[in-house]
Peer 1: 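One structure follows; several queries about it will come next.
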Amino acid sequence: MLENINTSLFSFINATPDSAQWIIDLAIFIAKDMITVVPLLVMILWLWGPRNQVCAQRQLIIKMAIALIVSLAVSWIMGHLFPHDRPFVDHVGYNFLHHAADDSFPSDHGTVIFTVALAFLFWHRIWSGAILMVLAVTIAWSRVYLGVHWPLDMVGGLLVAMIGCLSAQMVWQKYGASLYRTLQTCYRICFALPIRKGWVRD
């Protein structure tokens with residue numbers, strides 16, 4: 001039954017040769033490049049920001065990093081336990097984005113961006129999490145639209161992201177304070193000159 005739903009949703013979303021070229025080009029940009037928002041957010045939130053918020057921002061980054069590690073590990077395990085071919089491997093629909101013919105479930109892109117969106121939703125601001133969730137759904141749509149993922153691959157990414165964030169919260173409650181102090185010390189040593197020059201926050 002799930003496979004039937006998966007195939008039906010894919011057929012509804014997937015682009016065709018009759019689809020507008022500008023939409024396909026936009027989807028390719030979203031699918032390939034919008035994920036770069038993750039490292040940009042990490043860099044900006046760790047290095048800069050209002051002085052009274054830097055500590056909270058860095059704690060968010062650490063928790064998000066823990067969640068990503070867990071999410072990607074679970075995703076890797078699930079991909080090996082429940083291998084699933086990509087649509088173009090099964091000759092279903094149309095493919096508009098070059099991609100290796102590896103396992104599609106759950107989506108790595110979906111796992112990463114949904115983990116980041118949930119992290120901001122849970123540990124930052126509702127509005128920032130909501131914006132990132134819209135971005136996550138858009139990226140998920142683009143990769144199905146272009147034919148490199150099934151819809152349930154993205155649902156799997158969302159579920160794995162939830163597991164990652166829940167695990168990160170449990171790890172943080174036990175080891176968060178010491179982990180933050182250690183990473184803060186390493187940062188101050190490695191970035192001593194930029195900190196002294198005032199280019200980045202202490």
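Just the heavy atoms: all of them, side chains too, but no hydrogens, waters or symmetry mates, feed the values below. All residue numbers refer to positions in the sequence shown, counting from 1. These figures come from a predicted structure and were not determined experimentally.
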Peer 1: May I ask you to test the F114-S107 pair for a side-chain heavy-atom distance under 4.5 Å?
Peer 2: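 F114 does not reach S107 side chain to side chain.
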Peer 1: Test of understanding: with ring-ring contact (aromatic ring centres under 6.0 Å, His included), list the residues that count as partners of W46, not counting sequence neighbours.
Peer 2: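 Y187.
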Peer 1: Any chance you could lay out the side-chain contact (heavy atoms from CB on, under 4.5 Å) test for K32 and L97, step after step, and finish with the verdict?
Peer 2: CA-CA 9 Å; K32 291 177 62 177; L97 181 65; 3.5 Å; yes
Peer 1: Taking side chain as C-beta onward, heavy atoms only, is V148 less than 4.5 Å from F96?
Peer 2: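 Result no, sub-4.5 Å side-chain heavy-atom pair not found.
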Peer 1: Testing D108, I139, L118 one by one against I113 for a side chain to side chain contact (heavy atoms under 4.5 Å, CB included), which residue passes?
Peer 2: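 Of the listed residues D108, I139, L118, the side chain to side chain contact (heavy atoms under 4.5 Å, CB included) partner of I113 is I139.
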Peer 1: Just verifying a value: how many Å separate M78 CE and H84 NE2, rounded to the nearest 0.5 Å?
Peer 2: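 So the CE of M78 and the NE2 of H84 are separated by 12.0 Å.
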Peer 1: Look at atom OH of Y180 and say whether more than 12 heavy atoms of other residues, nucleotides or ligands are closer to it than 6.0 Å.
Peer 2: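 Yes - once you tally the heavy atoms of other residues, nucleotides and ligands closer than 6.0 Å, there are more than 12.
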Peer 1: Closest heavy-atom contact between A119 and L60?
Peer 2: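 Closest approach of A119 to L60, heavy atoms only: O-CD1, 3.8 Å.
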Peer 1: Does W48 belong to the same Ile/Leu/Val/Met/Phe/Trp/Tyr cluster as L193, with side-chain heavy atoms less than 4.5 Å apart forming each link?
Peer 2: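 Not linked; separate clusters.
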Peer 1: H99 vs R143, test: side-chain contact (heavy atoms from CB on, under 4.5 Å). Steps then yes/no.
Peer 2: CA-CA 11 Å; H99 201 290; R143 297 185 73 80; 3.4 Å; yes
Peer 1: Should M162 and L132 be regarded as members of a common hydrophobic cluster, given that ILVMFWY residues are connected when their side-chain heavy atoms come within less than 4.5 Å of each other, either directly or indirectly?
Peer 2: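 Shared cluster, yes.
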Peer 1: Between W123 and C165, is a side-chain contact (heavy atoms from CB on, under 4.5 Å) present by the stated rule, with each step listed?
Peer 2: CA-CA 10 Å; W123 304 317; C165 288; 4.1 Å; yes
Peer 1: Search all heavy atoms of I13 against all heavy atoms of W141 and return the closest pair with its distance.
Peer 2: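 In this case the closest contact between I13 and W141 is CG2-CD1, 3.8 Å.
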Peer 1: Would the distance check show the side chain of T7 and the main-chain N or O of N4 forming a donor-acceptor pair, the cut-off being under 3.5 Å?
Peer 2: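 Absent.
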Peer 1: Do T115 and S71 have a side chain donor and acceptor closer than 3.5 Å?
Peer 2: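 Judged by distance alone, the side chains do pair up.
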Peer 1: Testing K197, R51, R188, R196 one by one against D202 for a salt bridge (charged side-chain N to carboxylate O under 4.0 Å, His left out), which residue passes?
Peer 2: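 Testing D202 for a salt bridge (charged side-chain N to carboxylate O under 4.0 Å, His left out) against K197, R51, R188, R196 leaves exactly one candidate, R188.
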Peer 1: Nearest 0.5 angstrom please: L183 CG to I61 CD1, how far?
Peer 2: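 So the CG of L183 and the CD1 of I61 are separated by 11.5 Å.
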Peer 1: Is L135 close to M34 at the side-chain level, that is, under 4.5 Å between some pair of heavy atoms?
Peer 2: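 Touching, per the 4.5 Å side-chain cut-off.
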Peer 1: For residues M154 and V37: do they belong to one hydrophobic cluster (side chain heavy atoms under 4.5 Å, members Ile, Leu, Val, Met, Phe, Trp, Tyr)?
Peer 2: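 As far as the 4.5 Å side-chain criterion goes, V37 and M154 are connected within one cluster.
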Peer 1: Transitively linked via ILVMFWY side-chain contacts under 4.5 Å: L47 with V54?
Peer 2: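 No.
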Peer 1: Could you tell me if the side chain of Q57 sits less than 4.5 Å from the side chain of P50, heavy atoms only?
Peer 2: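 When only atoms from C-beta onward are counted, Q57 and P50 do touch, with a gap below 4.5 Å.
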Peer 1: For W172 and Q59, run side chain to side chain donor-acceptor pair (under 3.5 Å): C-alpha distance rounded to whole Å, both residues' side-chain angles, the deciding distance at 0.1 Å, then the answer.
Peer 2: CA-CA 9 Å; W172 183 261; Q59 290 179 4; 4.9 Å; no
Peer 1: Using side-chain contact (heavy atoms from CB on, under 4.5 Å), reason through L146 and I28 one step at a time and then give a plain yes or no.
Peer 2: CA-CA 7 Å; L146 295 171; I28 290 173; 3.9 Å; yes
Peer 1: Output the distance between atom OG1 (T138) and atom CE (M133), rounded to the nearest 0.5 Å.
Peer 2: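 The CE atom of M133 is 11.5 Å from OG1 of T138, to the nearest 0.5 Å.
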Peer 1: Partners of F10 by side-chain contact (heavy atoms from CB on, under 4.5 Å), sequence neighbours excluded?
Peer 2: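 Partners of F10 by the side-chain contact (heavy atoms from CB on, under 4.5 Å) criterion, ordered by chain and then number, come out as N14, P87, V92, V144, W150, P151.
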Peer 1: Working to the nearest 0.5 angstrom, can you tell me the gap between L121 CG and I131 CD1?
Peer 2: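 It comes to 11.5 Å.
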Peer 1: Do side-chain atoms of R201 reach the backbone of G49 as a donor and acceptor pair under 3.5 angstrom?
Peer 2: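 The answer is yes, because a donor-acceptor pair under 3.5 Å joins these two groups.
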Peer 1: Which heavy atom in G79 sits nearest to a heavy atom in P106, and how many Å separate them?
Peer 2: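 Heavy atoms of G79 and P106 come nearest at N-CD, 4.1 Å.
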Peer 1: Can you measure from OG (S75) to CG (L159) and round to the nearest 0.5 angstrom?
Peer 2: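 Going from OG on S75 over to CG on L159, the span is 11.5 Å.
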Peer 1: Quick one: do R86 and D102 make a salt bridge, cutoff under 4.0 Å?
Peer 2: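 Salt bridge present between R86 and D102.
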Peer 1: Could you list all the side chain to side chain donor-acceptor pair (under 3.5 Å) pairs where at least one residue sits in residues 127-137, not counting sequence neighbours?
Peer 2: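 Side chain to side chain donor-acceptor pair (under 3.5 Å) check on residues 127-137 returns H124-S128.
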Peer 1: Applying side chain to side chain donor-acceptor pair (under 3.5 Å) to D85 and S104, what does each step give before you reach the verdict?
Peer 2: CA-CA 6 Å; D85 288 334; S104 70; over 6 Å; no
Peer 1: Can you see which heavy atom on G147 is nearest to which on F88, and at what distance?
Peer 2: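 Looking at all heavy atoms of both residues, the closest pair is O-CD2, 3.5 Å.
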Peer 1: Mind checking whether M43 and V200 sit in one hydrophobic cluster, side chains of I, L, V, M, F, W, Y counted as touching below 4.5 Å?
Peer 2: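 Cluster IDs for M43 and V200 match.
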Peer 1: State the CG-CD1 distance between L26 and I23, to the nearest 0.5 angstrom.
Peer 2: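 Reported to 0.5 Å precision, the distance equals 8.0 Å.
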